[in-house]
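A short worksheet on the structure shown next.
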2 protein chains.
Amino acid sequence: MDARQRLSAAGLRRTAARVLVTERMVAEGRPLTPAGICEALPELDRVTVYRTLASLEGAGLAHKVQGLDGAWRYCIDDSEISGCPGGHPHLLCTRCGAMACLLGQGLPWVAVPEGFAVQGKQLVVHGICASCAAAGAR
Amino acid sequence: MDARQRLSAAGLRRTAARVLVTERMVAEGRPLTPAGICEALPELDRVTVYRTLASLEGAGLAHKVQGLDGAWRYCIDDSEISGCPGGHPHLLCTRCGAMACLLGQGLPWVAVPEGFAVQGKQLVVHGICASCAAAGAR
DNA sequence: CTTCGAGATGCAACCCTGTTGTATTTGAGG
DNA sequence: CCTCAAATACAACAGGGTTGCATCTCGAAG
Ligand SMILES: [Mn+2]
Ligand SMILES: [Mn+2]
Ligand SMILES: [Zn+2]
Ligand SMILES: [Zn+2]
């Protein structure tokens, strides 16, 4: 699905910044930090990238997850693949900072105390990714 | 168990800062942000609080969890209660920022791709806590 | 094709969390 | 007591993210 189509389908104005950011995220296919996107798109202002990501997330075109480093990662929701309502766990490499969506598995049910209204859950599994392990052993 | 005993048992020097921070955390009984601890203990320098919390965590006397607001929360490990090796889920109120340990349940098993070496997991359930819901309805 | 206004962008300044460097103090063991 | 490694205070810094405001631009309406 084309970036422009995604934006229109979600009822968002198709601005240059949104098209660029969306295309970049689709091309990467994994959760990216705002900083990483800024690096890839130096023609965009940092604040614009933050606001663009917030728009995409608000419109349901992307989801975000927190890294252990305090930075959020945003990833396009690919409606053809995901199909994991309620979200999915994420992998995070503590060495290189790369994040990956663990599609195909959902989030666990958790027993919460009476009166607590659950809005969402976040499950991040951290460790050393395969490529970092290979590089470290070398 | 006394704060001093905890420190000695873990092989840490019993300094004034560590005793104060530990006592404060035991008294609260829930995960606290460094900022919250600083507020409660204005006689301590901010950096000292950060380094003290790192010491406690390194010695296995406390664990930490990330809040959705980007701040870490530290909580004393009460050896008499916890007994949840590998950690436990945490609750976070998105309105007041209060966090709670969900003792009694462990973290789920997650299928990770071949070659990924898991170091740890973090499961944060966020929503509106009972007292905030009551306050909001009022 | 032109007009026009809500919404998006760029820029500067700011806040908050956390870290690092370094001189000074402190506490536990001898 | 002494001693010295470890811990503390203070200042400076770094990174992620937000806010306010002037300017620009998309897209609907004429
Ligand atoms: Mn994901
Ligand atoms: Mn806990
Ligand atoms: Zn890696
Ligand atoms: Zn609350």
Side-chain angles (χ1 to χ4, degrees), chain A residues 3-24 31-59 61-62 64-74 92 94 96-97 99 124, chain B residues 3-22 24 31-59 61-62 64-74 92 94 96-97 99 122 124:
Chain A
R4 269 155 251 258
Q5 292 177 284
R6 288 175 200 261
L7 294 171
S8 299
L12 290 182
R13 283 172 67 173
R14 300 186 296 118
T15 67
R18 285 179 185 162
V19 171
L20 284 172
V21 169
T22 304
E23 284 175 343
R24 183 79 235 148
L32 299 174
T33 59
I37 294 173
C38 287
E39 211 171 337
L41 300 172
E43 65 266 42
L44 293 183
D45 186 76
R46 209 164 59 90
V47 178
T48 301
V49 169
Y50 278 107
R51 295 203 260 233
T52 298
L53 292 170
S55 297
L56 295 180
E57 203 234 335
L61 291 181
K64 66 175 178 192
V65 203
Q66 215 173 15
L68 267 14
D69 55 3
W72 290 87
R73 326 271 157 138
Y74 289 81
L92 179 65
T94 53
C96 68
M99 183 175 270
V124 178
Chain B
R4 268 156 252 257
Q5 291 177 284
R6 289 176 199 260
L7 294 171
S8 298
L12 291 181
R13 283 172 65 172
R14 301 186 297 118
T15 67
R18 287 180 184 161
V19 171
L20 284 172
V21 169
T22 303
R24 182 79 236 148
L32 300 175
T33 60
I37 294 174
C38 286
E39 210 171 338
L41 300 171
E43 65 266 41
L44 293 184
D45 186 76
R46 211 165 57 92
V47 178
T48 300
V49 169
Y50 278 107
R51 295 205 255 233
T52 298
L53 291 170
S55 296
L56 295 179
E57 203 234 335
L61 291 181
K64 65 175 178 191
V65 205
Q66 215 173 12
L68 266 14
D69 55 2
W72 290 85
R73 325 270 155 140
Y74 288 81
L92 179 65
T94 52
C96 69
M99 184 175 269
Q122 186 176 266
V124 178

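These numbers come from a predicted model, not from an experiment. Order of the sequence lines fixes the chain letters, A, B, ..., with proteins taken first and strands second; residue numbering starts at 1 for each chain.
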If you restrict it to nitrogen or oxygen atoms, what contacts under 3.5 Å exist between nucleotides 20-23 of chain C and the protein, and what is each distance?
from, atom 1, to, atom 2, distance (Å)
C/dG21, O6, B/Arg51, NH2, 2.8

For DNA chain D, the residues among residues 33-44 of chain A that have a non-hydrogen atom under 4.0 Å from it: A/Pro34
Residues from residues 66-73 of chain A lying under 4.0 Å of DNA chain C - heavy atoms: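 Nothing qualifies; none.
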Could you list the donor-acceptor pairs under 3.5 angstrom formed by side chains in residues 33-47 of chain A, with sequence neighbours left out?
from, atom 1, to, atom 2, distance (Å)
A/Thr33, OG1, A/Gly36, N, 3.0
A/Asp45, OD2, A/Val47, N, 2.9

Pairing residues for B/Val65 by the side-chain contact (heavy atoms from CB on, under 4.5 Å) criterion, not counting sequence neighbours: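 side-chain contact (heavy atoms from CB on, under 4.5 Å) list for B/Val65, sorted by chain: B/His63, B/His90, B/Met99, B/Gln122, B/Val124.
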By side-chain contact (heavy atoms from CB on, under 4.5 Å) - contacts of B/Ser8 (at least two apart):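 Listed in chain order: B/Arg14.
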Restricting to nitrogen or oxygen on both sides, can you table the protein-nucleotides 27-29 of chain D pairs closer than 3.5 Å?
from, atom 1, to, atom 2, distance (Å)
D/dG27, OP1, A/Arg14, N, 2.7

Net bend of the helix from C/dC1-D/dG30 to C/dG30-D/dC1, end axes of five pairs each, nearest 10 degrees: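 Answer rounded to 10°: the end axes differ by 30°.
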Residue list, side-chain hydrogen bond (donor to acceptor under 3.5 Å, both in side chains) with A/Arg13, at least two apart or on another chain: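 Applying side-chain hydrogen bond (donor to acceptor under 3.5 Å, both in side chains) to A/Arg13 gives none.
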By side-chain hydrogen bond (donor to acceptor under 3.5 Å, both in side chains) - contacts of A/Thr15 (at least two apart):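 For A/Thr15, no residue satisfies side-chain hydrogen bond (donor to acceptor under 3.5 Å, both in side chains) once neighbours in sequence are set aside.
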With sequence neighbours excluded, residues passing salt bridge (Lys or Arg N to Asp or Glu O under 4.0 Å) with B/Arg4: B/Glu23
Residues in salt bridge (Lys or Arg N to Asp or Glu O under 4.0 Å) contact with A/Arg73, at least two apart in sequence or another chain: A/Asp69
